[in-house]
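Report on the following structure.
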Amino acid sequence: MSKFLIAAGIVIGLLGLGTYAYIETHPQEAFELALRAERDRAMLSVKSVNVDGDTWPYLDGGEGDVVLLLHGFGGDKDNWTRFGGHLTPDHRVIAPDLPGFGGNARHEDQSYDIASQRDRLAAFVETLGLERFHLAGNSMGGNLAAAYAHSYPEKLLSLGLLDAAGVESPVPSELAREVEATGRVALIPRTREDYDHMVDMVFEDKPWVPPFVVEALAQRAIENADFRQKIFVEYRTNLFRLEPVLPEIQTPTLIIWGDSDRLIHVSAARVMDDLLPNSELAIMEGMGHCPMIEDPRATVELYGPFIDRHTPAGM
């Protein structure tokens, strides 16, 4: 069941009479109530910290060894809420809005390529005082996680790469073929039809989402299209290729990939596995680009035991 299905029911319970009229006229507010309810269920709360003059909102909850989770392009911290809720009973989960996304700052005069984001992530880690932790990222966040692992190996207990960007897949993805043929970038929706197309590209088994949530998410994505375009251009112009650095990453790494990923073809997973000296590979059948959203429980069943094996006794 989608997290938003549960959250929609909670919102209805909270608002009581007049719920449907309220949702129709205030979709953003209703969406925030749904997110708040989901975070509570996951034992996560929103905190913030100032990093070099910018406020970083992040989810934080649970106790134990730290698991730091990085969202992908166009995502935000709540991409990890349901996934994180399966970890908080035994781990401390931290999931930030990366610079340029969610509630974090957007600066027209700054670059958001992976190398720049890696340096900002390092400052965030130091500001929170994190010593050694597990790091995982999805898509662009996976590219960033690997770049951080290469530069700061002493900080990491493990590395998780979920449908991560950063290597060239031997088989072109559906997204790559579409960009080549049309110039259209599905990850930057500018209309409601564009948004629906993006969702179809991201998920294989598309979660059911209440209409008011779809409207709220679509509106936010469309409003941020211009800045997403800026980040996409910088990301592509200053590519942080992982092929040269993966052989140097000794951190134990779990690669998780959906076999039906339309954005980054599953063949990229095998490239990463071959280059990393200390990796495990798990291919999820019938899964799209964001397994932690599409099936958070099944994804945690792969990831949880892996990080437990790489957590020193007493942490």
Side-chain angles (χ1 to χ4, degrees), residues 1-12 15 18-38 71-82 97-98 100-104 106 108 112 138-141 163 165 173-233 235-236 258 260-264 287-295:
M1 181 183 294
S2 163
K3 71 177 184 179
F4 292 117
L5 177 60
I6 299 171
I10 295 173
V11 169
I12 290 171
L15 296 178
T19 295
Y20 295 104
Y22 180 87
I23 287 173
E24 185 174 350
T25 55
H26 300 81
Q28 294 291 343
E29 291 85 346
F31 178 47
E32 287 298 330
L33 282 172
L35 282 180
R36 193 181 311 162
E38 272 300 303
H71 64 77
F73 182 86
D76 62 30
K77 59 188 176 298
D78 282 293
N79 286 178
W80 299 102
T81 299
R82 196 78 184 277
D97 283 339
L98 294 172
F101 300 98
N104 209 321
R106 297 170 174 82
E108 291 289 347
Y112 292 85
N138 169 242
S139 193
M140 180 197 71
D163 296 72
S173 69
E174 187 173 332
L175 174 67
R177 295 196 304 270
E178 183 176 281
V179 172
E180 177 82 15
T182 68
R184 177 186 190 186
V185 181
L187 298 177
I188 308 174
R190 294 184 178 276
T191 67
R192 177 54 191 279
E193 291 75 18
D194 288 347
Y195 181 82
D196 291 340
H197 176 64
M198 181 187 72
V199 172
D200 289 339
M201 290 284 282
V202 169
F203 298 109
E204 174 66 12
D205 183 13
K206 186 167 59 176
W208 181 85
V209 179
F212 78 90
V213 172
V214 175
E215 291 298 331
L217 290 171
Q219 181 180 335
R220 291 185 181 186
I222 293 166
E223 288 173 352
N224 291 322
D226 287 343
F227 204 83
R228 284 191 186 187
Q229 180 71 30
K230 164 187 162 61
I231 295 177
F232 183 81
V233 169
Y235 179 79
R236 293 289 298 271
S260 302
D261 190 338
R262 296 181 178 89
L263 302 188
I264 307 175
M287 187 66 61
H289 184 65
C290 295
M292 75 288 187
I293 298 175
E294 196 163 331
D295 194 338

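Please read all numbers here as calculations on a predicted model, not as lab measurements.
Rounding to the nearest 0.5 Å places OH of Tyr195 at 4.0 Å from CG of Leu217. Remark: Cys290 SG to Trp80 CH2 distance equals 8.5 Å, nearest 0.5 Å. From His289, atom NE2 reaches atom CE of Met201 across 10.0 Å, with rounding to the nearest 0.5 Å. Rounding to the nearest 0.5 Å places CD of Glu204 at 13.0 Å from CG of Asp295. Between His71 atom NE2 and Asn138 atom CG the span is 10.0 Å, to the nearest 0.5 Å. Interatomic distance, Met140 CE to Leu98 CG, rounded to the nearest 0.5 Å: 5.5 Å.
When all heavy atoms of Gly72 and Ser139 are compared, the pair lying nearest together is CA-CB, 4.2 Å. Summarising the geometry of Asp194 relative to Arg184, their closest heavy-atom pair is OD1-NH2, 3.4 Å, with the distance given to 0.1 Å. The minimum heavy-atom distance linking Arg192 with Ala218 is given by the pair CD-CB, 3.9 Å. Between Leu187 and Leu263, the shortest heavy-atom contact is CD2-CD1, 3.7 Å. The two residues Asp97 and Gly103 make their nearest non-hydrogen contact at OD2-N, 2.8 Å. Taking every heavy atom of both residues into account, Gly100 and Tyr112 meet most closely at N-CE2, 3.7 Å.
A donor-acceptor pair under 3.5 Å is absent between the side-chain atoms of Glu38 and the main chain of Thr81, judged by distance alone. Counting only distance, with no hydrogens or angles, the side chain of Lys230 and the backbone of Glu108 share a donor-acceptor pair below 3.5 Å. Between the side chain of Asp163 and the backbone N or O of Ile264 there is no donor-acceptor pair closer than 3.5 Å.
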**OP:** Given side chain to side chain contact (heavy atoms under 4.5 Å, CB included), test Arg228 with Ile231 step by step and report yes or no.
**Re:** CA-CA 5 Å; Arg228 284 191 186 187; Ile231 295 177; 5.8 Å; no

Original post:
Step by step, would you call Asp226 with Arg190 a side chain to side chain contact (heavy atoms under 4.5 Å, CB included)?
Top reply: CA-CA 9 Å; Asp226 287 343; Arg190 294 184 178 276; 2.8 Å; yes

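Remark: Glu223 CD is packed, more than 12 non-hydrogen atoms of other residues, nucleotides or ligands lying under 6.0 Å away.
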